[in-house]
Amino acid sequence: MERMLAKDIVSGYGRRTVLCGVHLTANAGECIGIVGENGCGKSTLLNILAGLRTPKSGGIYFDGQKASGHSGIKIFRQYIGYVPQDSNLIPELSVWDNLLIWYQNKGLLEHEINEGFLKVLGIDHMVRLKAGRLSGGMKKRVSIGCALAGRPPVLILDEPDAALDLLGKADIRSYLVMYREIGGTILLATHEEVDLDICDRVYVLKGGICKEIDREVRGEKLLMQLY
């Protein structure tokens with residue numbers, strides 16, 4: 001059974017339909033790449049998969065449970081960690097206080113910083129810094145740390161490489177590989193071909209439809225799939 005299933009997702013804005021019956025699956029321990037030109041609906045799809053937007057029709061299922069209605073909110077919270085493209089941190093607060101908003105338990109937060117995945121992310125070295133003073137790569141690591149509060153089994157990321165230098169991009173990819181290796185499921189929207197190297201499967205979103213393609217396709221052959 002799939003960890004996540006998106007079935008016949010239809011969504012749009014006003015009279016404009018952006019998603020025309022999207023269907024995709026993701027299993028435990030699997031990284032799914034989603035590519036497509038700007039404006040094709042990748043962010044709209046991720047918002048729906050994260051429970052932040054309700055589709056006009058279709059359904060999202062986690063381990064066979066449909067996430068809908070009041071119970072659906074609980075299911076999304078249980079399963080999903082979401083990392084938006086832009087920083088969701090409060091710049092005036094310290095890294096610790098930003099994390100505490102999500103973790104809400106000081107003891108748990110201390111444990112994760114000293115022994116858990118937050119330590120793996122290197123956040124233990126920046127907890128006292130103001131979020132507004134962090135580099136782009138550091139902000140992205142903290143945003144991922146916030147998304148991992150509650151240890152969700154599914155991590156959704158919208159262009160995690162945006163505005164990062166080469167070292168920051170490499171760091172983020174290494175953390176995602178570790179998350180996948182411990183059984184986590186990743187859905188990753190990206191414009192970076194190198195991100196596809198960590199993906200087990202790749203979908204192209206074009207004309208409102210998701211189509212799975214050969215994960216090894218690169219360069220001009222990939223561009224032909226996108227446009």
Side-chain angles (χ1 to χ4, degrees), residues 29-38 42-43 46 50 80-103 109-149 151-152 154-203 215-220 222-223 226:
E30 189 173 45
C31 181
I32 303 297
I34 302 173
V35 297
E37 64 178 319
N38 288 333
K42 295 190 301 297
S43 293
L46 294 191
I80 295 296
Y82 177 62
V83 183
Q85 180 177 343
D86 297 321
S87 174
N88 59 348
L89 306 179
I90 300 174
E92 296 82 10
L93 296 182
S94 68
V95 169
W96 169 269
D97 287 334
N98 270 281
L99 289 166
L100 193 58
I101 291 172
W102 295 87
Y103 285 79
L109 179 53
E110 288 176 349
H111 172 78
E112 290 297 322
I113 287 174
N114 293 324
E115 301 179 39
F117 204 75
L118 295 183
K119 183 176 179 64
V120 175
L121 285 165
I123 291 174
D124 55 323
H125 297 301
M126 60 179 88
V127 288
R128 301 305 171 192
L129 298 178
K130 289 289 182 67
R133 299 180 65 85
L134 302 178
S135 68
M138 294 166 75
K139 288 178 180 177
K140 189 64 68 173
R141 282 190 266 172
V142 177
S143 292
I144 293 174
C146 291
L148 292 174
R151 299 183 179 180
V154 180
L155 189 59
I156 296 177
L157 304 101
D158 192 353
E159 297 188 32
D161 294 340
L164 299 188
D165 58 26
L166 292 176
L167 180 59
K169 292 176 181 182
D171 284 344
I172 295 303
R173 290 186 197 105
S174 68
Y175 302 137
L176 295 181
V177 169
M178 283 187 278
Y179 178 79
R180 182 187 63 183
E181 287 177 347
I182 62 174
T185 299
I186 301 169
L187 289 100
L188 169 69
T190 183
H191 287 297
E192 300 278 347
E193 283 194 1
V194 69
D195 284 341
L196 304 183
D197 293 342
I198 68 170
C199 294
D200 300 285
R201 292 188 290 119
V202 177
Y203 287 90
R215 64 174 293 276
E216 300 291 342
V217 171
R218 300 288 188 276
E220 291 186 5
L222 178 59
L223 291 176
L226 302 184

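The structure presented is a predicted model; accordingly, all values stated were derived computationally and were not measured.
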Run the side chain to side chain contact (heavy atoms under 4.5 Å, CB included) test on C199 and I32 for me, step by step, so that the C-alpha distance in whole Å, both residues' side-chain angles and the decisive distance to 0.1 Å come before the verdict. CA-CA 5 Å; C199 294; I32 303 297; over 6 Å; no
Can you tell if the side chain of E110 reaches within under 4.5 Å of the side chain of Y103, non-hydrogen atoms only? no
Polar side-chain atom of K140 near backbone of Q85 as donor-acceptor pair, under 3.5 Å: yes
Chi angles and distances behind the side chain to side chain contact (heavy atoms under 4.5 Å, CB included) call for L176, L155: CA-CA 9 Å; L176 295 181; L155 189 59; 4.0 Å; yes
Pairwise side-chain contact, V35 with D195, heavy-atom cut-off 4.5 Å (strictly under): no
Look at R173 together with D197 and state whether they make a salt bridge at an N to O cut-off of under 4.0 Å. no
So, the side chain of K139 versus the backbone of L89: is there a donor-acceptor pair under 3.5 Å, distance only? no
Stepwise, does the side chain to side chain contact (heavy atoms under 4.5 Å, CB included) test hold for I90 with D97? CA-CA 9 Å; I90 300 174; D97 287 334; over 6 Å; no
Quick check for you: to the nearest 0.5 Å, what is the distance between C146 atom SG and I123 atom CD1? 7.5 Å
If I compare all heavy atoms of L118 with all of G145, which pair ends up nearest, and what's the gap? CD2-CA, 3.4 Å
Non-hydrogen atoms of G168 and D165 that approach each other most closely: N-OD1, 2.6 Å
Test item: R180 side-chain N/O and I198 main-chain N/O as donor-acceptor pair under 3.5 Å: yes
Working to the nearest 0.5 angstrom, can you tell me the gap between L167 CG and S135 OG? 9.0 Å
Flag yes if more than 12 heavy atoms outside L166 fall under 6.0 Å of its CG atom; otherwise flag no. no
Output yes when a side-chain donor or acceptor of D124 lies under 3.5 Å from a complementary backbone atom of N114, and no otherwise. no
Going from CD1 on I34 to CD on E159, what distance comes out if it is rounded to the nearest 0.5 angstrom? 11.5 Å
R215 versus L196, closest heavy-atom pair with distance: NH2-O, 3.7 Å
I113 to K119 - nearest heavy-atom pair and separation: O-CB, 3.1 Å
Is any side-chain heavy atom of C31 closer than 4.5 Å to a side-chain heavy atom of D200? yes
Between H191 and N38, is any pair of side-chain heavy atoms under 4.5 Å apart? yes
Quick one: pull up CD in E112 and CG in L109 and give me the separation to the nearest 0.5 Å. 8.0 Å
Can you give me the closest heavy-atom contact between F117 and Y175, atom names plus distance? CZ-O, 3.6 Å
Atom CH2 of W102: over 12 foreign heavy atoms under 6.0 Å: no
Rounded to the nearest 0.5 Å, the OH atom of Y179 sits from the CG atom of L148 at a distance of 6.0 Å
So Y82 and V154, do their side chains get closer than 4.5 Å, heavy atoms only? no
Of the non-hydrogen atoms in K42 and E37, which two are nearest, and what is the gap between them? NZ-O, 3.4 Å
Quick one: does I101's side chain get under 4.5 Å of L93's, heavy atoms only? yes
Hey, does I80 have a side-chain heavy atom less than 4.5 Å from the side chain of P152? no
Note, M138 side chain near L129 side chain (heavy atom, < 4.5 Å): yes
Nearest 0.5 Å, what's the CG-CG distance between D161 and L188? 7.5 Å
